[in-house]
Amino acid sequence: MLKIFFVVFLVLPFPVLRSPAQSIDSLCQKIRQIISAKNADVGVAIIGNNGKETLSINGDRHFPMQSVFKLHIALALLSEIDERKFSFDQKINVEPKDLLSNLYSPIREKYPKGGVLTVAQVLEYTISQSDNVGCNLLLKLMGGPQVVEDYFIKNNLKDVSIKFDEEKMQSDWEAQFQNWTTPASANEVLTTFYFNAQKLLSEKSHDFIWKIMRETQTGQNRLKGLLPKGTVAAHKTGTSGTNPAGITAAVNDIGVVFLPNGQPVFISVFVTNSKENKTANEQLIADIAKAAWDYFLKKKN
């Protein structure tokens, strides 16, 4: 039986205010019930109510990111664009050799013989459509995965390990576990770059990343799955395959869900070591997001 631990903590850049434990505990208990029925290991981090209430379930455990790491890649690249190392309208030549057949790629579908795209276009494909070819092109442009990991370490955003590109990750089952983060770290990245309190991105780059996050097309049955129609969410998914033993290594979704009054709720959910099917794994994430939505919505009523 999965052991679940609850930790209530506060994360900058919000004011340091302590909320009543009993209040947030009701959401913790609800999520515990949701998770307990599933044959999977689950990590959750949630921040809401203007940062006054934060919870973590297995928040410090390492989970494979899969395509969640594309957000980290995009943030590091946008920082380099701000430093004028690259530009949004810089051209990237997509060659036939880049269009690997074993990688999911809307770019390959649209440009089967290759073509020329701008950095901005490749970023949009990589985030909004989770394009694996686009991801590899951006990593190649920047100088490899270690550049991305080093960017987060430099800015004191820890518990992020990025070692391999999509080609390696999709061809070697064990490689995906080297690209990991924790739910707590994922939520810290979300809050840090959403509020941009450290001014890590220019206004243009900040607006760009949140625009293409809001346009994410993957994982519609995850964070947004049970929320009211028209709910605005900016998120990034990650998904692994299933091995011969029936184990799915990663079904993830991290992002910001906006209440009707515009107040953000930051939610990071990672599912690993799952013996559930895809529908059940996605339903698990949707149920957790709905529980958080209901809880924080009541806080405003």
Side-chain angles (χ1 to χ4, degrees), residues 7 9-14 43-45 47 51 54 56 58-86 119 122-123 126-127 132 134-169 172 174-202 205-206 208-210 212-213 234-238 249-250 252-256 266-270 272:
V7 180
F9 58 92
L10 297 171
V11 179
L12 294 176
F14 296 110
V44 183
I47 302 172
T54 303
S56 171
N58 294 325
D60 294 328
R61 174 173 170 170
H62 296 182
F63 287 84
M65 285 192 280
Q66 280 288 339
S67 289
V68 165
F69 86 142
K70 292 169 183 170
L71 173 59
H72 297 73
I73 293 166
L75 292 170
L77 177 55
L78 288 169
S79 176
E80 296 197 341
I81 289 173
D82 290 340
E83 295 174 1
R84 301 183 185 278
K85 295 180 180 178
F86 308 105
V119 167
V122 177
L123 277 166
T126 300
I127 296 297
N132 290 341
C135 175
N136 282 357
L137 289 169
L138 296 179
L139 284 173
K140 181 179 179 181
L141 178 71
M142 298 172 68
Q146 192 63 49
V147 172
V148 180
E149 181 181 316
D150 290 346
Y151 170 76
F152 285 89
I153 293 173
K154 178 184 70 175
N155 287 292
N156 202 34
L157 293 164
K158 300 178 180 178
D159 290 326
V160 176
S161 174
I162 299 176
K163 303 300 185 186
F164 300 116
D165 65 7
E166 285 285 359
E167 181 180 3
K168 176 66 173 179
M169 195 162 53
D172 180 348
E174 294 301 324
Q176 66 184 308
F177 299 99
Q178 298 300 310
N179 287 352
W180 58 262
T181 191
T182 68
S185 176
N187 249 18
E188 184 179 15
V189 168
L190 290 171
T191 57
T192 296
F193 286 93
Y194 179 78
F195 291 106
N196 207 23
Q198 299 179 32
K199 302 299 180 185
L200 295 180
L201 296 181
S202 67
S205 290
H206 176 272
F208 179 84
I209 188 61
W210 291 106
I212 61 178
M213 285 273 280
H235 62 121
K236 184 70 201 79
T237 58
N252 311 324
D253 204 0
I254 74 169
V256 189
F266 301 87
I267 307 174
S268 294
V269 184
F270 293 81
T272 192

How long is the straight-line distance from [atom2] of [Y] back to [atom1] of [X], given to the nearest 0.5 Å?
X      : Y      : atom1 : atom2 : value
Leu78  : Ile212 : CG    : CD1   : 7.0 Å
Asn136 : Met169 : CG    : CE    : 8.5 Å
Leu137 : Thr126 : CG    : OG1   : 7.5 Å
Ile81  : Leu123 : CD1   : CG    : 5.5 Å
Met142 : Lys85  : CE    : NZ    : 8.5 Å
Thr181 : Phe69  : OG1   : CZ    : 12.5 Å

I'd like to check [X] versus [Y] (side-chain heavy atoms, cut-off strictly below 4.5 Å). Are they in contact?
X      : Y      : result
Val68  : Phe63  : no
Met65  : Leu71  : no
Thr182 : His62  : yes
Val147 : Leu139 : no
Leu157 : Phe193 : yes

(request) Mind checking ring-ring contact (aromatic ring centres under 6.0 Å, His included) for His235 and listing every partner two or more places apart, or none if nothing turns up? (result)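 None.
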How close do [X] and [Y] get, heavy atom to heavy atom, and via which atoms?
X      : Y      : value
Asn196 : Ser202 : ND2-O, 4.5 Å
Pro64  : Asn252 : O-ND2, 3.0 Å
Ala74  : Ile209 : CB-CD1, 3.9 Å

(request) Check the angle between the aromatic planes of Tyr194 and His206 and answer parallel, tilted or perpendicular using the 30° and 60° thresholds. (result)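 Aromatic pair Tyr194/His206 classed tilted.
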(message) Using only atom types and a distance under 3.5 Å, with no angle test, would you say the side chain of Ser268 pairs donor to acceptor with the backbone of Ile254?
(response) no
(request) Would you mind checking if Lys158 and Glu188 are paired as a salt bridge, meaning a charged N to carboxylate O distance below 4.0 Å? (result)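 Lys158 and Glu188: not salt-bridged.
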(message) Quick check on the 6.0 Å ring-centre criterion: do Phe195 and Phe266 meet it?
(response) yes
(message) Quick one, Lys163 with Gln146, criterion side-chain contact (heavy atoms from CB on, under 4.5 Å). Give me CA distance, side-chain angles, the key distance, then yes/no.
(response) CA-CA 6 Å; Lys163 303 300 185 186; Gln146 192 63 49; 3.7 Å; yes
